[in-house]
2 protein chains.
Amino acid sequence: MNKLPDIKTNFPEWYQEVIYAAKLADHAPVRGCIVIRPYGNAIWENIKKILDDRIKETGHENALFPLFIPQSFFAKEAEHVEGFAPELAIVTHAGGKELDEPLVVRPTSETMIHHMFAKWIVSWRDLPLKINQWANVVRWEKRPRAFLRTTEFYWQEGHTAHATREEALEETLMMLEEYVKLAQNYLAIPVIKGRKTKNEQFPGAQATYTFEGFMLDGKALQMGTSHLLSQSFAHAFDMKFQDKDGAIAYPYLTSWGTTTRLVGAVIASHGDERGLIMPPKIAPIQVVIVPILRKETKDVVIDYVKSLQAQLKAAGISVHVDLDEHTSPGAKFYEWELKGVPLRLEVGPRDMDAGVIVATSRLGKEKETVQADQIVSWAAVKLESIQAELFKRAQDRYASMWHKADKLSDFIKNLEESNGIYQVGWCQHIDCELELKQYAASIRCMIESKELENCFACGKKSFGDVIVGKAY
Amino acid sequence: MNKLPDIKTNFPEWYQEVIYAAKLADHAPVRGCIVIRPYGNAIWENIKKILDDRIKETGHENALFPLFIPQSFFAKEAEHVEGFAPELAIVTHAGGKELDEPLVVRPTSETMIHHMFAKWIVSWRDLPLKINQWANVVRWEKRPRAFLRTTEFYWQEGHTAHATREEALEETLMMLEEYVKLAQNYLAIPVIKGRKTKNEQFPGAQATYTFEGFMLDGKALQMGTSHLLSQSFAHAFDMKFQDKDGAIAYPYLTSWGTTTRLVGAVIASHGDERGLIMPPKIAPIQVVIVPILRKETKDVVIDYVKSLQAQLKAAGISVHVDLDEHTSPGAKFYEWELKGVPLRLEVGPRDMDAGVIVATSRLGKEKETVQADQIVSWAAVKLESIQAELFKRAQDRYASMWHKADKLSDFIKNLEESNGIYQVGWCQHIDCELELKQYAASIRCMIESKELENCFACGKKSFGDVIVGKAY
């Protein structure tokens, strides 16, 4: 049992170490890639399930498009190819031969999906077309970091086509709202939503909306984006439809995605010196039962905890019983705390006789004694309160690091030293935005607020507030 | 509405056409690949859910391994590299540079997963290690056919490590049994299970078990395989553990997989001249409601069918209400029959007043009148009976094309002309097996039966019965 690096003074090391120590992931023998181990994958599967249900509820259907995209497809949309060219992985040989046209391993699927949309969309009756794909994508990463930035990652990418710009914008904002709900209500991460600056837009988008989380170290993480695409994609792929009046028109497109980065966001939002803390709503294991196994009473205690497990499971609670006989209870407590299981129950022969269970929340250290016949309803309520408490802790953290500032010179030293959230005014000129670059900071998004009068950089009139921070 | 090719005289064309007409899939702009459209993907999602639950119930955990495998990994197991080399797609350039070592796009993940297993397995306490992955894989296909054989396909690949050969064999056979249950109880496809001949084994396996389905045209389809791997993989990847006595040993490995080919198996097992027939247990839509919409009564009929839909949905039945006002009921019937929806309900204003619903099973053409207040329980029972009837029809079909035969000369003409299932004896020599090649036939598997005395080819003593057929 190696001690984790100090979370307060050495967060980047803590982040890396906790991932491997808690067996969320492992290093892979391919540059920039990770192996996502069962415990890490279970978090992703839980997130997927919640989001997939919402994607379907909001009228989208899942489909599967090819991994490989002909290189010429990328050339069709000028900004798009320019944005992605440096990150592409290229298949040049297959089936024992050199290919006539190299294939790109998809970094995103706009070009492939728009090619298909152009076949499928003929009349206004084919619209809206609302498709989603769960897939792996590849972007060659210079500075990989487990879950947050890996060469191969997993995501969903939604792609929709609409008859009007208004409808496409409505879709873009609806999915942004779904993401915000996912982050706040399930991952227990407060997020700041807003629009990206032109400079930070998705290559080929007319408007990119983002939801940004601020991690334990005060750095910003772009947790996902929703794009209103420019018409240029529809033109590039000759995607047209006949409208109700018989005229030919180009549809308005959106795309939106979020990734396994969300697992990284959970890790980096809730941990402490003992390891991970899993929000109950996405925890692979919500309750761990550690029985105290002594020779004479082992069998009855095991029977008893198995019946407890069955009761909790019947109430929809995911439970693991740790029956390992080669590990001490103390070592088990350490491991399940490291893995961030929200609730731990201990049962020994004496507790059993007394009809009680000793419970410990991952958020505290105090033990509570609960009547065994109340355990199911008690645990359900306790898990809800842990979920709420985690979100509140994160909200309090945001409040304490959220600063409103007038001028760059006022806040830049603080930002450089301690990170944090800076709400400032902006004149909307790129020169002022790029001033931040030398401090490794950036405008994370433009928010719906206008509290500051002047641009943080040039001092001229501000057109609206923006959030400035240092990003992952 | 184009008529489908004749299913009896032109099955291959029927198969292709029904896939595109029913919008299961579409041609992709990449050789050998398809786009799996929402209706086709929904079948795959249903199959995945059923199998994933069973994989977890039987003690496996899901993980995610990289898409790319260093080319040198393949060279480590001699048979494996020889078997897969001609089918590989290779990434030679990435991030704007030529790679030092080319990366293979995984055709299967033994080499990558065994590399990781070697890190994770140290002692007997780490065994058994039972991992599964849902992934896309790429094998360059010379003769692609939608769902049955595509360059990129989707699958699950299970990989396990055990302390003893007995335990590994038990695992191999347990998963074969799970596959058989999936095929028979959910896909309504009777399958023949058995062992592959040495000549047809997975490259690097000690024993390969298969489950084979026979499609409507009498051709065999290998629906999935389960392998007891040879020790050579453990040696190649230096995978070792300390056993209970402190000695160093090599674990015994298995791998097993099944793919989107199962969707093809469903299509090719149950269709008819009107199109697909979906087994209710995996049907994306189990019940379609077609309301008869007339101007004056439209609103009340729509309210009524929506309440019907809600009742059926609450009972766990998936229902689609076809409210399209631009299509006639007749055209709708045609479309939902083409898509193979098991049960159709029609409701017009007069039916509504009379408190009845007109129901038609996809297996027949007769309409039944059902009391509206009985519809939920009636539909649940009807769907069960359609599932059972589909399986029985397939069983009857197998019985009618299953022949026991002594000599190749007795049955080869029949096999060449009409396909079918031939149970014959075999001396276990490869020369006799390869005799079948000139007739485009093969031994599909060795079964647990010994009814025939002599080898079908050489006439010498048989060591057990084998199934001969023509394969996809």
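We name chains A, B, ... by the order of the sequence lines, and we start the count at 1 in each one.
Within the 4.5 angstrom heavy-atom criterion, no atom of Y39(B) approaches chain A. At a 4.5 Å heavy-atom cutoff, the contact between K56(B) and chain A is made by side-chain atoms alone. Of the two parts of N62(B), the backbone and the side chain both hold a non-hydrogen atom closer than 4.5 Å to a non-hydrogen atom of chain A. Heavy atoms closer than 4.5 Å to chain A are found in the side chain of D324(B), but not in its backbone. Contact of L88(B) with chain A is made through the backbone alone, with heavy-atom distances under 4.5 Å. Of the atoms belonging to Q133(B), not a single heavy atom falls under 4.5 Å from chain A. Of the two parts of K142(A), neither the backbone nor the side chain holds a non-hydrogen atom closer than 4.5 Å to a non-hydrogen atom of chain B.
Counting non-hydrogen atoms of neighbouring residues, nucleotides and ligands closer than 6.0 angstrom, the NZ atom of K76(A) exceeds 12 such neighbours. Summarising the local packing, NZ of K119(A) is surrounded by more than 12 heavy atoms from other residues, nucleotides or ligands at distances under 6.0 Å.
Of the listed residues (E45(B), R125(B), E61(B)), the greatest number of heavy-atom pairs within a distance under 4.5 Å of chain A belongs to R125(B). Note: T92(B) leads I69(B), N132(B), T92(B) in heavy-atom pairs under 4.5 Å with chain A. Among I90(B), V138(B), L64(B), the residue with the largest count of heavy-atom pairs under 4.5 Å with chain A is L64(B). Among C33(A), A42(A), P38(A), A89(A), the residue with the largest count of heavy-atom pairs under 4.5 Å with chain B is P38(A).
W124(A) and H326(B) have perpendicular rings, their planes meeting at more than 60° on a 0 to 90° scale where under 30° would count as parallel.
Taking CG from N41(B) and CH2 from W134(A), the interatomic distance works out to 12.5 Å, rounded to the nearest 0.5 Å.
Nearest heavy-atom pair across V35(A) and P66(B) is CG2-CD, 3.8 Å.
Every residue meeting the ring pair (Phe, Tyr, Trp, His ring centres under 6.0 Å) condition with F84(B), not counting sequence neighbours, appears here in chain and number order: H80(B), F202(B).
Contact annotation for residues 93-104 of chain A against chain B (heavy-atom separation below 4.5 Å, listed by residue number): H93(A), A94(A), G95(A), G96(A), L99(A), L103(A). Proximity to chain A among residues 25-32 of chain B is limited to D26(B), H27(B), A28(B), P29(B), V30(B), judged by heavy-atom separations below 4.5 angstrom. Contacts from residues 145-161 of chain A to chain B, taken as heavy-atom pairs separated by less than 4.5 Å, involve E152(A), Y154(A) in sequence order.
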